[in-house]
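Working notes, structure below.
Only this structure's heavy atoms are used, side chains among them; waters, hydrogens and symmetry mates stay out.
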Amino acid sequence: MTMLLKILKWCALSVATVFILGWLFVWLVASGSDEATVYTENDFFHYHTLTDKDIENAPRITHDYYFEAHPGDGYPPSNSIFFKGATGAAPLRVYLETLGYTKEKRRLGDKEIWSKPDQLKGDIFYLYFNAATGEVELTKVMNY
C-alpha cells in the first residue's frame with residue numbers, strides 16, 4: 001500500500017509539473033505574439049532575432065534611429081527602421097535600387113512604394129520622408 005501511495009504521489013507531481021511548465025511556455029510564447037516590438041541596435045537579442053537582413057544592411061543616414069518589428073498576425077509581417085533628424089532619404093533610395101527594387105508610380109499616402117518588377121507577390125518596401133520633422137521610415141513588408 002505504501003508503494004502505491006508513493007507512485008500516485010510521483011504521478012500527481014509529474015502531471016502538475018508538466019501542466020505548470022506547459023502553461024508557462026504557452027504564456028511566454030503568446031504574451032507578445034501580436035504586438036509590435038520597438039528596439040535599438042544595442043538590444044542584442046531583439047536586433048539579431050527580429051531584424052530582416054535588408055533592414056539590417058540599410059545605410060544609417062543619422063545616428064538617431066530605432067527599429068520596429070510587426071509579427072503580422074493576419075497580415076504580412078513587417079520590419080522597419082526609423083531615423084530622426086534626417087535631411088533626406090537619397091541614400092536609402094540608392095540602397096533599394098542596388099537591391100533590385102524600383103519605385104512605383106503609385107503611393108500609399110505620403111509613402112513611396114518600392115517593389116521588384118519581376119515579382120508579383122514579392123516583398124515591398126515603403127519609404128517615407130517628412131522634411132518638416134526630419135523623420136524617415138523604411139519599412140519592408142514580407143509577402144511570403
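- Taking each heavy atom of Ala36 and His70 in turn, the nearest pair found is CB-CE1, 3.2 Å.
- Ring orientation note: the planes of Tyr65 and Phe67 are nearly perpendicular, at an angle over 60° on the 30°/60° scale.
- The two residues Tyr39 and Thr37 make their nearest non-hydrogen contact at CD2-O, 3.6 Å.
- The aromatic rings of Phe82 and Tyr66 lie parallel to each other, their planes meeting at an angle below 30°, with 60° marking the opposite boundary.
- With contacts defined as side-chain heavy-atom distances shorter than 4.5 Å, the pair Asp54/Phe125 qualifies.
- Summarising the geometry, atom CG belonging to Leu96 is positioned 8.5 Å from atom CD belonging to Glu112; distances are rounded to the nearest 0.5 Å.
- Considering all non-hydrogen atoms of both residues, Tyr126 and Lys111 come closest at CB-CD, 4.1 Å.
- Closest non-hydrogen pair, Ile55 versus Leu138, comes out as CD1-O, 3.7 Å.
- The two residues Leu127 and Arg93 have their closest heavy-atom pair at CD2-CG, 3.6 Å.
- Listed for the Arg107 side chain is no donor-acceptor partner under 3.5 Å among the backbone atoms of Lys105.
- Residues Phe129 and Leu92 form no side-chain contact, since every pair of their non-hydrogen atoms from C-beta on lies 4.5 Å or further apart.
- Between the side chain of Asp123 and the backbone N or O of Asn143, at least one donor-acceptor pair lies under 3.5 Å.
- A donor-acceptor pair under 3.5 Å is formed between the side chain of Asn79 and the backbone N or O of Asp52.
- Tyr128 and Thr139 form no side-chain donor-acceptor contact under 3.5 Å, judged by distance and modelled atom types alone.
- In this structure the side chain of Arg60 reaches within 4.5 angstrom of the side chain of Ile81, judged on heavy atoms.
- The shortest distance between side-chain heavy atoms of Tyr95 and Asn57 falls below 4.5 Å.
- Contact record, Ala69 with Leu50: CB-CB, 4.0 Å, taken as the closest heavy-atom pair.
- Under a cut-off of 6.0 angstrom, the local environment of NE2 in His48 is crowded, with over 12 non-hydrogen atoms contributed by other residues, nucleotides or ligands.
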